[in-house]
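First comes the structure, then the notes that go with it.
Just so it is clear: chains get the letters A, B, ... in the order the sequence lines come, proteins before strands, and each one is counted from 1.
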Amino acid sequence: MSFEPKIVSFLCNWCSYTGADLAGTSRMKYAANIRIIRVMCSGRVDPTFVLKAFREGADGVLICGCHPGDCHYHEGNYKCLRRYKLLTKYIKQMGIDDKRLRLEWISASEGKQFAELANEMAETLRNLGPANIKDKLDFFQKTKSVNEDENVEKEKMEAI
Amino acid sequence: MTTENKEKPKLKMAVYWGAACGGCCVSVLDVHEKLFDVVAAADLVFWPIALDFKYKDLEAMPDGHIDVTLFNGAIRNSENKYIAMLLRQKSKIMVAYGSCAHMGGIPGLANFSTKEELFKRVYFESESTLNSEKILPEPDFKVKEGDLELPVFYNDVMPLNKVVCVDYYLPGCPPQTERLLEVFMAIVNGSELPSKKSVIGAYDKTQCDECERKKTDNKKIKKFYRPWEIEDDGETCFLEQGVICMGPATRGGCGVRCIKGNAPCRGCYGPPPDSPDPGAKMMSAVATMIDANEDVEIDKIIEDIVDPAGTFYRFSLPGSIIRRKL
Amino acid sequence: MEEPRIGVYICWCGTNIAKMVDVEYIAEEVKKLQNVVVSRNYKYMCSDPGQDLIIKDIKENNLNRIVVSACSPRIHELTFRKALENAGLNSYLFEMANIREHVSWVHTDRKEATEKAKSLVMAAIKRVGFHESLAKRSVEINPASLIIGGGIAGLTAALEIADTGKQVYLIEKKNSLGGNLAFVDLSFPDLSSVKQILDPKIEKINKHPNIKVFLNTEIDEIFGYVGNFETKLFENTKSEETLKFGNIIVATGLKPFDPSVIPEYAYGKLPDVITSIEFEKMLKEGIIRTKAGKEPKNIGIIHCVGSRNNKYNEYCSRTCCATGLKYANQLRDALPEAGIYELYGDMRVFGKGCEEFYTQTSRKDIVFMMFDQRNDLPKIKANTSKKDFNMIIEINEKLSGEELNIPVDMVVLMVGAQAQDNAKDISHAVGISMCGNAFYIERHPKLDPVATTTDGVYIVGSCQGPKGIIDSVSQTRAAVSRILGTIAKGSVQVEVTTAVVNEDVCCGCQTCISVCPYTAISFNPEKNISVVNEVLCKGCGTCGSACPTGAIRSRHFTDLQILSQIEGIMSLELEEV
């Protein structure tokens with residue numbers, strides 16, 4: 001079977017998530033690769049979330065916010081843009097193709113644009129092939145060490 | 001206190017180094033005259049850098065024989081891992097001592113390269129190397145006297161918790177000696193220890209809490225500077241001068257050593273509690289401070305952060321979410 | 001934290017979801033997940049029996065977390081939160097997975113859709129385990145209201161509210177009330193005088209003890225939140241006044257489309273090509289003349305100017321067709337011998353009495369001609385050959401299939417509606433969103449059409465989308481009833497998903513303070529920590545991501561909740577219990 005990328009997407013509640021909803025109510029069809037996580041503002045998207053998504057096996061991460069100047073919270077999207085830029089520089093350094101991380105502006109009325117974006121990104125990643133980040137990082141762990149990392153992480157989660 | 005200790009069995013303590021520079025072991029020696037208190041309260045049963053022990057001495061110990069092991073250094077090869085596992089088996093309390101054992105530390109920056117790349121540089125290309133036969137270290141090598149064995153060099157540098165269960169983390173590059181003493185005396189005096197897996201000998205609050213530089217909410221950066229590019233006034237928050245200081249995202253406990261020496265914090269004490277990743281939060285904070293909204297301008301400002309991975313993960317790459325170059 | 005006991009409910013939404021997603025399979029599969037105590041699928045979870053199912057399960061199985069995977073949380077999150085409350089469970093111990101708008105309606109492969117839906121459900125299950133109870137907070141409602149815009153919608157709102165004895169502040173940017181209607185002669189379909197509708201209202205408002213009118217005044221910025229808004233007004237940029245109010249009605253209306261951008265119509269080049277606004281003025285004055293001062297013998301009325309065409313505005317402006325017919329009637333009365341041509345793309349005269357109006361008009365010796373509104377607009381050209389008429393309209397008439405040249409002396413362009421130039425400024429001032437064409441977005445087109453995503457702010461009239469008097473007034477009254485409802489109740493519950501600072505971790509670096517767009521974060525020098533004013537905080541979470549220590553938590557969107565959601569979304573196989 002041909003490779004189907006997994007895309008984790010962070011959408012702001014007011015513009016982009018609503019835009020994705022509009023794609024739904026308008027019955028626009030797009031590739032099923034994208035999995036959406038809702039945040040109130042693209043300004044909430046912590047670089048940690050993006051790194052975690054890659055670490056958990058995402059082939060791509062898509063962040064969407066309101067168009068510049070239209071942020072429901074005035075300028076959260078600019079904060080997101082700045083973080084995205086620095087994060088992109090970091091992931092490139094870590095050997096992750098920067099085409100795998102995208103920030104796009106989708107307004108509440110841009111259902112069509114969202115559907116097109118979802119298709120386009122899926123196609124880009126299909127051509128790019130699997131990111132294999134999870135496999136690569138898990139591989140070193142399994143062959144080289146007692147696998148404790150996951151347990152530590154889990155305990156951290158459970159401790160709270 | 002001394003009389004009490006005479007009645008109590010002395011603490012059995014081990015200090016070991018994995019992939020480390022030796023600074024951690026020196027920091028243990030830095031207790032100076034307090035060494036007498038330490039020696040009065042504890043027997044050092046294994047400390048290869050300072051005392052003559054052999055691995056077979058360690059192997060011969062019964063399980064749980066050692067009360068406390070301070071393991072410094074990262075895990076870089078099969079020897080580090082073997083001794084770490086052995087010490088774990090022999091110790092009641094395993095402490096990851098110092099940045100390398102805690103998060104990978106400076107040796108962890110080797111995770112930007114593969115084993116092959118490292119070997120090529122070190123054994124073939126380095127300016128001081130003559131190796132016309134292209135000999136590389138081999139784990140097994142036969143000579144006429146018998147078989148020689150070298151530890152297997154791993155592709156990844158790992159923090160200690162990747163190979164054994166760690167009871168406590170005592171961060172720092174190296175840990176501040178006072179913190180070590182506090183922890184040590186707490187163990188000796190049987191004080192209640194914090195819950196397992198927690199960081200000890202460091203504060204929950206980060207550097208800024210102790211830092212005496214003037215801080216305001218004016219953290220807007222138009223240009224980033226390397227420390228030598230500005231004339232530091234010695235008083236203003238480094239970030240407000242455009243110099244990346246890891247202080248806000250780095251636990252206190254070191255006594256703000258670097259900042260007091262007019263150098264920005266580089267993050268050796270690691271992130272505060274519950275950080276899912278040691279560098280991402282600071283990366284996010286610094287990016288947020290960029291005082292521009294236009295693509296081109298942001299790009300230009302970010303150009304001056306030459307090495308984000310090395311800046312935000314200088315001491316913690318192997319302990320981060322994306323722990324090596326892919 | 002107590003051990004989560006999760007109930008999972010997968011909705012069919014009739015066939016809307018079940019047709020594309022194997023809901024029974026997912027309900028069966030997630031049963032295997034840790035902490036999932038109950039997992040069901042049901043036809044309509046939002047129905048009363050659906051909600052009762054949840055309530056019953058909570059009580060019988062001692063559930064403490066609920067996941068519903070159904071439509072968008074933007075539609076039914078509040079419905080289900082209410083259900084949790086009814087069962088005595090804190091409403092924030094709930095998470096929704098959107099498997100309709102984001103899955104069944106947009107995907108075509110049942111297997112893929114089911115897999116995706118499953119991962120979204122698993123993400124919700126993982127996330128909900130880390131949800132925390134949040135205490136509801138209610139705020140008192142200031143009974144005064146602010147109305148922005150003095151057109152028919154704003155005037156209606158002002159009177160409706162003021163007549164119940166509540167204070168109203170009415171802001172108008174121009175120097176008189178009445179809005180666009182103040183320039184209109186007759187209304188359709190009954191051809192009644194607009195003056196008779198408008199003038200009594202304006203008169204009453206000017207005398208009303210509960211209404212304070214501010215002319216020549218624009219809104220700069222509004223602070224606060226539902227029940228407790230505040231703004232400073234600068235009337236004539238002179239006197240300054242601080243107003244406090246509990247609710248806001250935005251009724252800023254529309255502005256006419258400028259037809260000079262359409263080359264075919266030569267507006268601005270040919271003097272007798274005029275807009276409907278200019279023509280309305282002639283009608284009001286009772287003198288219909290060309291620029292040369294002659295009575296026109298032939299008049300063309302072109303519809304859909306700037307509307308329903310991708311080059312200009314894609315939407316329909318809704319009132320122009322009927323207005324065009326109104327002009328035909330008025331022209332026929334004024335100039336019984338004149339040739340009247342209605343040039344249209346489609347005739348859209350909907351609404352009560354309007355189709356009848358169309359039929360009546362068509363019997364008055366009016367010529368109707370159809371053109372291709374999207375691809376082939378008629379062209380207006382100057383007539384240079386003869387002096388009987390000064391212009392020619394070239395039209396490819398669709399019904400006859402013929403190319404026709406219509407001689408005319410005057411052309412009325414039925415210009416469409418556009419959002420106001422300052423629509424964006426107002427949206428920022430009150431904190432509401434615009435859709436692509438700069439009209440304001442309602443909270444939900446069908447379920448909540450006059451409210452916005454900002455509590456206490458309502459949109460009425462043409463600022464929400466072009467509409468006529470009847471729709472504007474109905475919409476206004478709907479908003480007014482909402483406002484009077486909250487005033488009567490005296491208090492309203494507000495969102496509690498705000499940011500909170502962990503004092504034990506905050507180091508006092510003050511990174512967060514300038515990040516907040518609402519100045520909700522301040523610095524406490526004694527404790528050397530940042531403090532969030534939860535009343536001002538709107539919960540965007542930007543400070544949470546700017547905080548280098550992790551001391552700031554965005555309630556209901558914590559790192560832990562989102563990270564576990566990511567884990568859930570990416571988990572390939574189900575972990576067995």
Side-chain angles (χ1 to χ4, degrees), chain B residues 194 198-199 202-221 236-240 244-253 256 259 264-265 267 269-291 293 311-312 321, chain C residues 1 126-127 130 132 428 499-533 536 540-554 557-568 570:
Chain B
S198 57
V199 169
Y203 311 137
D204 283 356
K205 292 230 180 194
T206 54
Q207 301 277 320
C208 309
D209 190 50
E210 279 182 278
C211 169
E212 282 165 7
R213 287 188 173 233
K214 265 183 258 150
K215 287 176 282 290
T216 69
D217 58 13
N218 183 31
K219 291 193 167 47
K220 290 184 175 161
I221 300 176
T236 310
C237 166
F238 276 113
L239 285 161
E240 287 167 40
I244 295 178
C245 170
M246 287 291 284
T250 305
R251 282 176 188 267
V256 237
I259 298 167
C265 168
Y269 260 64
D274 303 325
S275 295
D277 182 80
K281 287 270 176 202
M282 193 59 200
M283 187 162 29
S284 189
V286 165
T288 308
M289 292 171 200
I290 293 171
D291 190 16
N293 289 336
T311 305
F312 299 109
I321 291 178
Chain C
M1 201 173 76
K126 275 255 184 185
R127 188 191 209 275
F130 294 100
E132 301 156 317
H428 284 175
V500 59
V501 175
N502 180 350
E503 296 190 4
D504 295 335
V505 176
C506 177
C507 66
C509 71
Q510 304 174 51
T511 304
C512 53
I513 290 170
S514 60
V515 169
C516 179
Y518 306 102
T519 58
I521 312 179
S522 57
F523 182 63
N524 178 337
E526 280 84 54
K527 288 184 168 177
N528 193 35
I529 54 164
S530 287
V531 182
V532 176
N533 179 337
L536 294 178
C540 67
T542 305
C543 58
S545 308
C547 176
T549 66
I552 297 187
R553 274 158 44 87
S554 310
F557 289 89
T558 65
D559 285 0
L560 204 57
Q561 287 162 357
I562 295 172
L563 291 173
S564 55
Q565 193 175 4
I566 298 168
E567 273 182 20
M570 294 307 301

Contacting moiety of B:P248, where chain C heavy atoms sit under 4.5 Å: both

Selection from C:G550, C:S545, C:S530, C:G508 maximising heavy-atom pairs under 4.5 Å formed with chain B: C:S545

Straight-line distance of B:M289 CE to C:C509 SG, nearest 0.5 Å: 6.0 Å

Ring pair (Phe, Tyr, Trp, His ring centres under 6.0 Å) against B:Y203, all qualifying residues, sequence neighbours excluded: none

Closest non-hydrogen atom pair between C:C506 and B:K205, with its separation: O-NZ, 2.8 Å

Full working for side chain to side chain contact (heavy atoms under 4.5 Å, CB included) between B:K281 and C:D559: CA-CA 11 Å; B:K281 287 270 176 202; C:D559 285 0; 2.6 Å; yes

Portion of C:I529 that has a non-hydrogen atom of chain B nearer than 4.5 angstrom: side chain

Selection from C:N528, C:T549, C:I521 maximising heavy-atom pairs under 4.5 Å formed with chain B: C:T549

Proximity breakdown for C:V505 and chain B, heavy-atom pairs closer than 4.5 Å: both

Pairs involving residues 501-514 of chain C, ordered by first then second residue, that meet side chain to side chain donor-acceptor pair (under 3.5 Å) (sequence neighbours left out): C:E503-C:K527

Interatomic spacing from OG1 in C:T558 to CG in B:D274 - rounded to 0.5 Å: 11.0 Å

Distance (rounded to the nearest 0.5 Å) between C:S522 OG and B:D217 CG: 10.5 Å

